[in-house]
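These figures come from a predicted structure and were not determined experimentally. For the single chain, residues carry numbers from 1 onward in sequence order.
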Amino acid sequence: MSIEADPTVLAGLEAWRDLPVTQQPAWPDRDALARVSDRLAGLPPLVFAGEADALRGQLAAAGRGEAFLLQGGDCAETFAESTADNIRAKVMTVLQMAVVLTYGASLPVIKMGRMAGQYAKPRSSDTETRDGVTLPAFRGDIINGFEFTPEARTPDPQRLLDAYHTSASTLNLIRAFTTGGFASLLRVHEWNRGFTANPAYARYEEIAAEIDRAIRFMAACGADFDALRTVDFYASHEGLLLDYERPLTRIDSRTGLPYDCSGHFLWIGERTRQLDGAHVDYFSRVHNPLGIKLGPTSTADDALRLIDKLNPSAEPGRITFITRMGAGKIRDLLPSLVEKVTADGRPVTWVCDPMHGNGITSASGYKTRRFSDVMDEVAGFFEVHRALGTVPGGLHIELTGDDVTEVLGGAEEIDDAGLARRYETLVDPRLNHQQSLELAFQVVELLRRS
């Protein structure tokens, strides 16, 4: 028997429309937007409430130190790059990293993609000017096109439907890859052995050999490797475009409660976490587990007020704080934040985003990051939690499964000139496949030191 939603719950889901809202496009045709919203509201959900509940329980475990979250994927997905090969490469990269981290941390790793919905991006300005011509800023494929023309840059509601269908096909492939044997522990381990065979990564060969011995030990003991052929793989994105999130919010037939069925896990960004704003109000009303980005200007009082608003019942696994301080600031700024939130007593899960606080512009003009800075922020995150006796619950990484050249450094030593070889991102630079695996092996070294 299905439970109907309380009318006050449904009314609450519309309250955001009367609140200050940031980072939304100026839709030129509101009637077209209304027609698309109605169509989205009638389409099947992309994920299910029960899946979101299962994830909430796993994130609660990560907050207690009983699991570890690995969240990885594109800074901004594009429709054109949502091909089977690209999706498989990203899933493969996350799975390879997860096997390494599972061994190093001796904990189950929660596998989550920044996938099947990460099509919208916040921007520092509503417009972009080139050669005296001013057009709307590119806000992601779900809103407008990257090409600098009036036609491409005009927000188009039809793109919301394109995002839905692209997400549906992406999730379909992810489910096939993670349940059909592609994610088998033995297969993923073989991929990692290929990685460490490269002389550039020889320092990680010892860890790979230990994993190999552990797997052979399991086999000798009669481990059921068939049971390790499938994995749970969750989808997440920034809950930025409320005209997409609202029509994909559904009432759970089991409980009568609303869930945002565009993804299992939604996060509120640094630019949209205003306590009196539309985003915080909206996501306070859905029952998915939520992430909140906290940058260097965040205070402990900000964090506590966000808990008041988003998790008044102190439900474990509901709130994940994703810190993005920058390598040069994390050791100074994170301790007071963690200390005060921990003293409050309400459960949260702490996750490190070592990407967004470390952006630089290279001498040749590329927007990039240094791999050494990314790793230094991760190291600082672990150091702070170790010193406080609190739990480092996971990592939030912008990565791709391809051999792009967007982040400086790493064992392959991508330099400024090397960025031009395969710089493909439309927004933020991502770790490539090799750098992502290198990060996982270095995190194991950090875990061992702690």
Side-chain angles (χ1 to χ4, degrees), residues 5-43 45-47 49 52 117-123 126 137 139-140 142-144 155 157 159-161 163-164 167 236-252 255-294 302-303 305-313 315 318-322:
D6 187 314
T8 59
V9 169
L10 295 175
L13 292 172
E14 304 300 327
W16 67 272
R17 300 184 190 277
D18 298 321
L19 296 172
V21 62
T22 59
Q23 297 290 335
Q24 306 302 290
W27 300 108
D29 188 340
R30 304 296 299 186
D31 290 338
L33 176 64
R35 290 193 296 272
V36 167
S37 294
D38 288 345
R39 176 67 181 132
L40 281 173
L43 288 168
L46 291 168
V47 304
Q118 186 59 19
Y119 305 111
K121 290 299 290 182
R123 305 317 301 251
D126 289 336
R139 290 189 171 275
I142 194 171
I143 293 167
N144 56 1
R159 287 175 170 270
L160 277 70
L161 284 170
Y164 171 89
S167 296
S236 68
H237 62 269
E238 180 175 357
L240 185 66
L241 183 57
L242 295 180
D243 286 318
Y244 181 73
E245 306 304 336
R246 173 61 190 97
L248 286 173
T249 297
R250 306 298 162 81
I251 302 303
D252 178 19
T255 61
L257 298 173
Y259 285 75
D260 186 344
C261 293
S262 70
H264 300 106
F265 179 91
L266 292 306
W267 73 86
I268 302 170
E270 177 82 343
R271 291 181 170 133
T272 54
R273 58 175 175 79
Q274 298 85 3
L275 282 165
D276 59 351
H279 288 82
V280 169
D281 183 87
Y282 188 76
F283 287 107
S284 72
R285 300 172 188 273
V286 299
H287 285 257
N288 306 61
L290 300 174
I292 306 163
K293 290 287 189 83
L294 298 178
D302 291 338
R305 284 193 288 265
L306 285 163
I307 298 172
D308 291 340
K309 180 74 173 176
L310 294 166
N311 193 22
S313 62
E315 183 178 12
R318 163 70 166 173
I319 297 295
T320 296
F321 281 135
I322 306 167

Please report the interatomic distance [atom1]([X]) to [atom2]([Y]), rounded to the nearest 0.5 Å.
X: Leu290; Y: Ser236; atom1: CG; atom2: OG; result: 12.0 Å
X: Asp243; Y: Leu33; atom1: CG; atom2: CG; result: 4.5 Å
X: Ile319; Y: Ile307; atom1: CD1; atom2: CD1; result: 7.0 Å
X: Cys261; Y: Asp252; atom1: SG; atom2: CG; result: 8.0 Å
X: Ser262; Y: Arg246; atom1: OG; atom2: CZ; result: 12.0 Å
X: Leu10; Y: Arg285; atom1: CG; atom2: CZ; result: 11.5 Å

Non-hydrogen atoms of [X] and [Y] that approach each other most closely:
X: Tyr164; Y: Tyr244; value: CA-OH, 3.6 Å
X: Gln24; Y: Leu240; value: NE2-O, 2.7 Å
X: Asn288; Y: Arg318; value: O-NH1, 2.6 Å
X: Ile142; Y: Ala120; value: CG2-CB, 3.6 Å
X: Asn144; Y: Ala137; value: ND2-O, 2.9 Å
X: Gly12; Y: Asp281; value: O-OD2, 4.3 Å

Criterion side chain to side chain donor-acceptor pair (under 3.5 Å) on Glu245 and His237, from CA distance to verdict: CA-CA 11 Å; Glu245 306 304 336; His237 62 269; 2.9 Å; yes
Would you check if [X] and [Y] make a side-chain contact, meaning some heavy-atom pair closer than 4.5 Å?
X: Ile143; Y: Arg159; value: no
X: Leu241; Y: Leu160; value: yes
X: Arg273; Y: Asp302; value: yes
X: Pro258; Y: His287; value: yes
X: Arg271; Y: Thr22; value: no
X: Pro247; Y: Val36; value: no
X: Phe283; Y: Trp267; value: no
X: Arg250; Y: Leu248; value: yes

Would you sort out whether Leu19 and Asp276 count as a side chain to side chain contact (heavy atoms under 4.5 Å, CB included), showing the intermediate values? CA-CA 7 Å; Leu19 296 172; Asp276 59 351; over 6 Å; no
His279 vs Val21, test: side chain to side chain contact (heavy atoms under 4.5 Å, CB included). Steps then yes/no. CA-CA 7 Å; His279 288 82; Val21 62; 4.0 Å; yes
For a side-chain contact (heavy atoms from CB on, under 4.5 Å) with Val286, tell me which candidate from Leu13, Leu257, Leu266 qualifies.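 For Val286, the side-chain contact (heavy atoms from CB on, under 4.5 Å) check succeeds only for Leu13.
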The test is side chain to side chain contact (heavy atoms under 4.5 Å, CB included); show your working for Leu306 and Ile268 and say whether it passes. CA-CA 11 Å; Leu306 285 163; Ile268 302 170; over 6 Å; no
Would you check if there is a donor-acceptor pair between the side chains of Gln23 and Arg139 at a distance under 3.5 Å?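 Short answer, yes.
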If you measure from the Lys or Arg side-chain nitrogens to the Asp or Glu carboxylate oxygens, is any gap between Arg35 and Asp31 under 4.0 Å?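 Looking at Arg35 and Asp31, the cut-off is not met.
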Under a 4.0 Å N-O cut-off, is there an ion pair linking Lys121 with Glu238?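 Here Lys121 does not pair with Glu238 in a salt bridge, since their nearest N and O are not under 4.0 Å apart.
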